[in-house]
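Let me give you the structure first, and then I'll get to my questions.
A, B, ... follow the sequence lines: proteins, then strands. Residue 1 opens every chain. None of the values given here were measured: they were computed from a predicted structure.
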Amino acid sequence: MAVCVAIVGKDNSPKYFCCLNPDEELSFQYKVLSSLDVIEEKLNAGNKGTNDLRELYLGMLYSLETHKIYGYVTNTKIKFVIVVDSTNMALRDNEIRSMFRKLHSEYADIVCNPFYIPGESICSKSFDVSVKNIMTGTV
Amino acid sequence: MNGTAIDDGSTIDRRPLITCAGELEVFSTIEDNLSQALPQDSCEWRRSLGRPVRSVHIGANFAPFSAAALPKGAQWDLIRYPLFHIYWTECTDVDLYKNTVRDDIENWLKELQTRDIPDFLVVVVENYDGKRTNKLLPRTTVLDKIRTDFAPKQGDRCISVINPGKVEARSADSWRGLVSRIRHLLLVAYARAVSRLEDHVRQQRERRNEIGWNFMQYFHLQEELAHVLEMLGVHEEALVQYDELDALFSQFVVNGITGESINWLGDFQKPLEQWHGLKINHSTMLSESPSLLELRAYLFAKQAQMLLKANKVWEMASRCLPFLHLTTREITVLEINSPPGAVSCWLFLACVEVLQVCDKYNNADAVEDYSLHTACLWAYASEKLRDLGELCGLMPGGAPTSEQLHTVVGLSAGMGDNPGAPDSPSPTDKLKEALCSQEAFKKTYLELAELAMCTYKHIGRLRSARLVGREVASFYLLLGETQTAAAFLSDAVRTFEQDKWHELAAQTQIELAECYRKANDTKKFIKTSASVAAALEIDTLIRWSYFDEMRKCLQSLEHPLVVPFNDIIKITSVALKNEAIILQDSTINVELVIESNFPREILCTNVQLSIELDTKEGRKSEKYSKSRVLTGKDLKPRDPLLQRLQIFRHLDLKQDKTLASASVVCKHPEHKRKDSAAAPPKSDFQCCLQVANLPLVVTPGVNVIRLSKQATNVGKHYLGQMAIFMKNLHLISQLLTPRVAFEVKEEAPVVRLHKTDAPLLSGFEQIMNLIITIGSYTVEPKSRIKLTASRGLSFQTDPSEPLTTSLEIELGERPPFSSTRTPLRVLADLLTKDHQVSISCPWTSKPIVVKLSFTPPLTTIWRLNTVQHRKFVQINVTGQCEKDIYVEKPQLSVGDFCKIVDRNHSSSHCAFRLPESDTDFCATLRSAKPCRDAPPHHSSGAPPRTSSPVDSIAFNSGASLRAEAEGGMNYSATRDAADSCWTKLYKRGELRAAGSWNFSRRQTAENYSKQVIKSPDIWTPIEIIHKWLCFKPLQAEKML
């Protein structure tokens, strides 16, 4: 389903990065980084309007020939980015949403871990496994 | 444009057809007026199915009535047939009407009714002339007749109009009435036709999965609906039709690959032969069997047209990129063969065309709206052009092969011809030119990329702009313009570092390093190599190789090169080891913990930590540390965006100072752009802490470095920045913030005059201590301290010298922080109490004044007691000081004329009452012989010596004393058991002169000294007695 998942802190620094294909990680990093522009834009626009504050899902941030990039922002401004292969036409918005929700709950679990210092990058095997499961849609 | 003929007439005219019957010559005079007037005003279009009422403009074409052309009532394509029918007559004569016109109308109407056509109108044109208006109105008019004959229930189907050929006020009114009536009735008819068409479209769509259904047929059908809506001016709804077609097609493609193949889809899978642009501005017809590209381009062009007509330029721009992505994806999904580069050409043309269209709408609002979407189009176009450049061998540094030239020719042919104006070349012109030569390609590519970056920056997408910048940099690198490339790359590095995407930053640093290597810029190469070597994200082998190269380059470095620490070396903690205030000339010790990210050990030729003197200016802007230790938490730079907001109370006061409103305000700190972060300023390393043992080896990872320095300069200082020197490579840290302050103080020399713990007594010499303490700095050895005494006080340091009132002491060679004690002999005159010593030192302008307070050691009271004839003189001697004083051999001298008989208790058990009246002893004065010759007021001159030894007496306070006789009048007084060391008197003094007492003090028992004090205090009462004796010698004699 997803080919890349990234968690970006409130200061826009990467906290977690995971790709199905590790060789492509660098190119995905560039993609995710530029999607931060759009996330910031959407967040700033959200301040002006009367957007539903409970809506964390930002929708598609932008699309490339080969990939589509979706965003999600928690209330504490932690950004989740999911990159999806755009040839996968079967993937609907709802599925992306549910991926984000699962990712959010996994992230919440990680933050609850007393050994994790908030703001540090996430380095946890179990988190890796659960994120991979979310990406491949096995959960 | 609404409803009128479409600009270039190439699309089908979908205006409804109105037929005209009756007296056509009447109609022909007003036809032009009517066809112009109809679309001028809007009319409400009510539709079924609860859809919103739209205000539309409707136009019409006119044709003579012909029964053959009429549609059948149940047809779905009513829209293509005459919809509305008007019968025109000029007949005003009722009789004439009855004879001819009525039949004619009847026939006409019959034709319509057989085909179930309810949409007709009968117009009676009246020609007024001056004469008729004067006549009486006829009872019935032709109009009334027609109404009753043909439309008894539909009064609105008949209307009379004053011939508009003649301009009159009344005719204008009736004309307006006619036009609006036609408009309304026509729309009613038209709406019915449209809904019939809609139903048909829906039906057809339902059948889409049936075999034999063809997309293109359906496409044309629904497009007809779109045309109708477009004609009516409801562009949004026309757009919906195209969007539906778009979505339907996409769905077919998706299903086509997953499910069973669809026959008609095969038509779109033929190889591409043409890749013309979108042609948004030219309404072209879609060919019978279009290619996928043609269909998609046509659909998008139509959508774009609708959006532009609805004035939604931004939406058109925003739809472009997804559309292009979708199309390319469909090309791959459908496995459509195309010559290499063809799709890129098409994509480029589409992007540039949309951008050109956007460019036409260059009013500020529109630009603001569409820039958000055009930026990525610019980027996409430049990307595609670059792909083409690579394909055709147009990239710098290469030359196109003949095969590549062939490709260019093929691609250019496929683009077709679409020449633009000479001053504004069409996208096709542009692309063809760009593919012609390397120079033109370079120019076009850089222009597009530049525009992409500018637009990205304009809309605030800095990161995206940097990514384009990276691409451009690689192009410049091929061009050999390393300077420009380096500029773009370092911008990118800075942005990545700001966002803390270290891996990207490191990767870009490698590119940057290569760029500098190519440019032979050793200094910058060293700089970037250092960064690469210290980047933890990068493979160790790469880091090693850059580290080694950096070291190699360092050998050839002639001048110092300053490189900021950045991530190469991190300071994890700073601790000032000194406690409290640092005194001058003591050592300042600082312990630094640093983390070296270099992959190998480095040999530091010097390690320094600068010290800055506190200057008043600029103090507010910096943060100061309260403690002397900075740990990782303090050293972490703070993100201004994440700081707590400052919220203040805000009161609005009215003019009369009463409260108007109270609120809280948040003073939002201004956020400055951070992309111009300057390198740390190199502070002055003149005054710095240093490492004792050089060279120092800094290993990868954590290192503890101890730096020290002798504090020479007095004042408040801050730790500045750290520098690590590797030969000529000077690694410099940022200023250590929050600032760690320490104060270096000097201590001035101090002169103190201390008395011993006993109170000072006047009248005899005592020892005081003059203590001179040298401070933190040495004092000139020849400087002198001058002591000046007040009147009645004298002193001397030298035990052998006589006392003096003014004394100078030379300091001599003394080391700092040394202290010396000089005993000072002090003597105050017996009757004086308060004295002062002023000490003037060379280091202070103001003399130090020491106040000394002396107390007299004894007071005496005399009392004359009479017992019968005898007179007794009682002398009370009271000790005034707190400590004990020995009085040895007190003697009372009176003149020769009287003899003193001692009446003291000889058993020497004399108890002294203490404290007020320390001692009682009685002396009986016995006059030896009367002295008449004595002068009556004898006040001076020594009385005759008649010595009567008085025992030594101890005066003290606080304890009862026992005096013991030790032969004769000598008392050796011992104290109570409480103080056993109070012992004996060592020596005996003699009162040589009257009133002279011999004291000794127990405290200085070891240095026991004998002093003879002339005591006028005691002298006086004796004199008085003496006088008294003088006056009354006889009496005294008698008494005695």
message = Between A:T66 and chain B, with a heavy-atom cut-off of 4.5 Å, which part of the residue counts as in contact: side chain, backbone, both or neither?
response = neither

query = Would you say the side-chain atoms of B:S344 and B:D387 include a donor-acceptor pair closer than 3.5 Å?
reply = no

remark   = Among B:L326, B:L372, B:I459, B:T332, the residue with the most heavy-atom pairs under 4.5 Å to chain A is B:L372

message = Please classify the contact between A:Y62 and chain B as side chain, backbone, both or neither, with a heavy-atom cut-off of under 4.5 Å.
response =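 When you check distances to chain B, no heavy atom of A:Y62 falls under 4.5 Å.
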
request  = Output the option from A:P14, A:G9, A:S13 having the highest count of non-hydrogen pairs under 4.5 Å with chain B.
outcome  = A:P14

message = Is B:F496 in contact with chain A via its backbone, its side chain, both, or neither, using a 4.5 Å heavy-atom distance?
response =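 Just its side chain gets close to chain A.
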
ask   = What part of B:S464 lies closer than 4.5 angstrom to a heavy atom of chain A: side chain, backbone, both or neither?
value =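 Contact with chain A is through both the backbone and side chain of B:S464.
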
message = Does any backbone or side-chain atom of A:K68 lie under 4.5 Å from a heavy atom of chain B? Answer side chain, backbone, both or neither.
response = side chain

ask   = Are the charged groups of B:R470 and B:E511 less than 4.0 angstrom apart, N to O?
value = yes

ask   = Looking only at side chains, do A:E40 and A:N12 share a donor and an acceptor under 3.5 Å apart?
value =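 On atom types as modelled, these side chains qualify, holding a pair under 3.5 Å.
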
Ion pair B:E330/B:R296, N-O distance below 4.0 Å =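 Yes, B:E330 and B:R296 are salt-bridged.
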
task = For the pair A:E106 and A:K102, find out whether any cationic side-chain nitrogen is under 4.0 Å from an anionic carboxylate oxygen.
result =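 No salt bridge links A:E106 with A:K102.
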
inquiry  = So B:R461 and A:S34, do their side chains get closer than 4.5 Å, heavy atoms only?
reply    =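 When only atoms from C-beta onward are counted, B:R461 and A:S34 do not touch, as no gap falls below 4.5 Å.
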
query = So what's closer than 4.5 Å to chain A heavy atoms on B:L504: side chain, backbone, both or neither?
reply =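 Contact with chain A: backbone and side chain both.
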
